[in-house]
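Both ligands and their constituent atoms are indexed starting at 1 by order of listing.
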Amino acid sequence: MANENLRFETVCVQGGYTPGNGEPRQVPIIQSTTFKYDTSEDMGALFDLEASGYFYSRLQNPTCDTVAAKIAALEGGTAAMLLGSGQAASFYSVFNIASCGDHVVSSSSIYGGTYNLFAVTMKRMGIEFTFVDPDCTEEELNAAFRPNTKAVFGETVANPALTVLDIEKFANAAHAHGVPLIIDNTFATPANCRPFEWGADIVTHSTTKYMDGHGSAVGGCIVDSGKFDWTKYPDKFPGLCTPDESYHGVTYTERFGLAGAYITKATVQLMRDLGSVQSPQSAYLLNLGLESLHVRMQRHCENALRVAQFLESHEKIEWVNYAGLESNKYYERAKKYMPNGTCGVVSFGVKGGRPAAEKFMKNLKVAAIETHVADARTCCLHPASSTHRQMNEQELIAAGVPGDLVRFSCGLENAQDLIDDIAQALEKI
Ligand SMILES: *Cc1c(COP(=O)(O)O)cnc(C)c1O
């Protein structure tokens with residue numbers, strides 16, 4: 001946007017797109033796979049990365065780039081790209097700098113889909129992951145690194161364990177070993193936490209969650225802070241620091257600088273070859289969500305705090321996990337990293353374990369059972385029997401997802417209606 005000093009709320013509403021005289025007020029949906037050029041030379045310059053422009057929507061599309069620019073501004077980054085899903089964002093963010101024979105350190109408290117991606121699928125591709133307890137000591141964290149470690153990964157507020165990551169601790173360890181910290185900031189969103197301000201280098205999002213916020217479009221995003229100096233470690237990051245023969249020997253860090261190298265490589269190389277694009281229609285819907293992100297996050301957090309306080313006082317509830325509660329292990333850390341609140345998701349255990357939890361969930365009327373989370377409509381889920389069902393008991397506990405955990409995602413409804421709904425459902429068990 002023209003004025004870089006605009007505040008967060010204004011960027012949510014207007015960032016990324018400034019229409020010219022007589023142009024559409026709303027972000028245009030450029031529903032075109034391809035783009036027209038006058039000469040083959042014009043197009044050749046694009047293929048050589050000598051000129052910037054669009055030629056095929058598998059790599060880049062103007063609508064997607066407009067919305068990515070807004071998210072880059074919200075996170076305080078230098079470049080961003082949209083992807084077809086949060087899973088694609090997590091995969092690309094790591095695969096852009098790690099390949100067969102490499103190693104990555106990850107917090108064990110991460111989204112189930114990410115765990116599966118790392119521990120199963122990427123392992124099969126020859127990339128090894130070491131999972132560390134997010135609350136491990138600095139010594140334990142440092143001990144996880146190997147000479148071939150290429151990145152560190154964690155979630156600001158983990159889904160569904162709701163652990164709050166000590167971003168500075170993870171950033172310091174990553175930087176001491178010459179690798180970047182990648183943070184999945186899906187649950188906090190930049191409205192509540194800006195990981196770059198705490199030392200993170202790359203941020204990923206499942207935009208499917210709060211950014212979209214209305215359960216309308218699956219999507220992902222990767223943002224680069226532009227701060228990690230790949231050129232200090234050319235042997236570690238040859239993909240960024242040595243010529244790419246598929247583009248006539250372009251070296252990304254030389255041609256695009258630290259501000260653009262990482263996202264350009266992920267776009268022109270990974271997106272070209274793997275093709276996990278977000279559609280312009282989805283990007284448009286995502287942008288509608290972003291326009292109210294700052295307003296919605298506040299209400300999600302208010303509702304979640306009220307629900308968490310109610311649950312904490314209820315005799316049929318075994319435990320409640322919400323970092324906004326003073327009794328919570330992460331209360332102080334959350335205050336530091338997320339003074340405005342964490343997210344709208346509360347987790348808890350119903351007395352009587354799994355059967356009681358299932359009965360409770362069946363009796364809810366306002367809240368619906370869904371795999372989804374972070375939506376305008378309140379929804380809930382039993383992760384051990386759904387999203388995390390590939391994990392055994394030990395892995396569930398390491399991931400912070402005990403068998404009796406109910407994940408309750410507070411929407412934007414009236415908080416008292418949510419509380420009344422929970423109260424009547426608890427009464428029936
Ligand atoms: C949902 C989610 C993902 C995966 O995103 P999709 O858009 O479903 O592919 C990744 N990380 C977190 C924290 C999530 O909640």
Side-chain angles (χ1 to χ4, degrees), residues 64 67-68 71 75 80-95 104 106-122 129 131 134 153-165 167 182-193 195 200 202-223 274-279 282-283 285-286 289-290 293 297 300 304 323 338 342-347 370-375 379-381 383 386-390 399-401 405 407-411:
C64 296
V67 180
I71 298 174
E75 287 287 4
M81 67 195 287
L82 298 190
L83 300 96
S85 67
Q87 283 299 107
S90 302
F91 174 59
Y92 278 44
S93 73
V94 174
F95 196 62
V104 174
S106 172
S107 163
S108 62
S109 189
I110 51 174
Y111 175 65
T114 312
Y115 177 82
N116 214 45
L117 168 70
F118 289 173
V120 181
T121 300
M122 290 184 78
F129 287 78
F131 295 96
F153 189 97
E155 283 178 33
T156 316
V157 180
N159 173 14
L162 303 179
T163 44
V164 175
L165 195 75
I167 300 174
I182 304 172
I183 291 287
D184 180 338
N185 198 31
T186 298
F187 263 28
T189 83
N192 285 341
C193 181
I202 310 288
V203 158
T204 64
H205 282 281
S206 165
T207 61
T208 319
K209 312 295 165 56
Y210 288 117
M211 284 193 166
D212 173 297
H214 300 78
S216 53
V218 173
C221 183
I222 307 176
V223 190
L274 302 169
S276 320
V277 286
Q278 184 165 140
S279 80
S282 293
L285 292 169
L286 167 58
L290 290 170
L293 181 69
M297 285 314 288
H300 278 298
M338 290 163 275
T342 52
C343 63
V345 183
V346 176
S347 66
E370 295 169 20
T371 36
H372 195 40
V373 71
D375 186 22
C379 50
C380 64
L381 178 79
S386 54
T387 50
H388 283 60
R389 63 182 301 133
Q390 80 284 0
V401 193
L405 182 150
R407 182 181 75 181
F408 198 88
S409 171
C410 298

Next on the checklist: Between Ile202 and Val223, is the side-chain contact (heavy atoms from CB on, under 4.5 Å) condition met? List the steps.
Outcome noted: CA-CA 6 Å; Ile202 310 288; Val223 190; over 6 Å; no

Checklist entry - ring-ring contact (aromatic ring centres under 6.0 Å, His included) between Phe153 and Phe129: does it pass, once the steps are laid out? => result CA-CA 10 Å; Phe153 189 97; Phe129 287 78; 8.3 Å; no

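The protein atom (non-hydrogen) at minimum distance from atom 7 (O) of ligand 1 is Thr208 OG1, 2.6 Å. In this structure, the protein non-hydrogen atom closest to atom 9 (O) of ligand 1 is Gln87 N, 2.9 Å.
Asp375 pairs by the salt bridge (Lys or Arg N to Asp or Glu O under 4.0 Å) definition with Arg377, not counting sequence neighbours.
At least one N or O atom of Ser206, backbone or side chain, sits closer than 3.5 Å to an N or O atom of ligand 1. Between Gly86 and ligand 1, a contact under 3.5 Å exists for at least one N or O pair. For ligand 1, one of its N or O atoms has an N or O atom of Asn159 under 3.5 Å away.
Those atoms of ligand 1 with a heavy atom of Glu155 less than 4.0 angstrom away are 13 (C). Each of the following atoms of ligand 1 lies closer than 4.0 Å to a heavy atom of Lys209: 1 (C), 2 (C), 3 (C), 14 (C), 15 (O). If you number the atoms of ligand 1 from 1 as listed, the ones under 4.0 Å from a heavy atom of Gly219 come out as 7 (O). Each of the atoms 12 (C), 13 (C), 15 (O) of ligand 1 lies under 4.0 Å from some heavy atom of Thr186.
Side-chain contact, Ser90 with Ser93: no donor N or O sits under 3.5 Å from an acceptor N or O. Donor-acceptor pairing under 3.5 Å is recorded for the side chains of Ser216 and Asp212. Side-chain contact annotation: Ser109 with Ser107, donor-acceptor N/O pair under 3.5 Å absent.
When the heavy atoms of Tyr210, Tyr111, Phe91 are ranked by distance to atom 10 (C) of ligand 1, first place goes to Tyr111. Closest to atom 11 (N) of ligand 1 by heavy atom, among Asp184, Leu117, Val373, is Asp184.
Formation of a donor-acceptor pair under 3.5 Å by the Gln278 side chain with backbone atoms of Leu83 is found in this model.
For the side chain to side chain contact (heavy atoms under 4.5 Å, CB included) test with Tyr210, the passing option among Thr189, Val373, Asn192, Leu290 is Thr189; the others fail.
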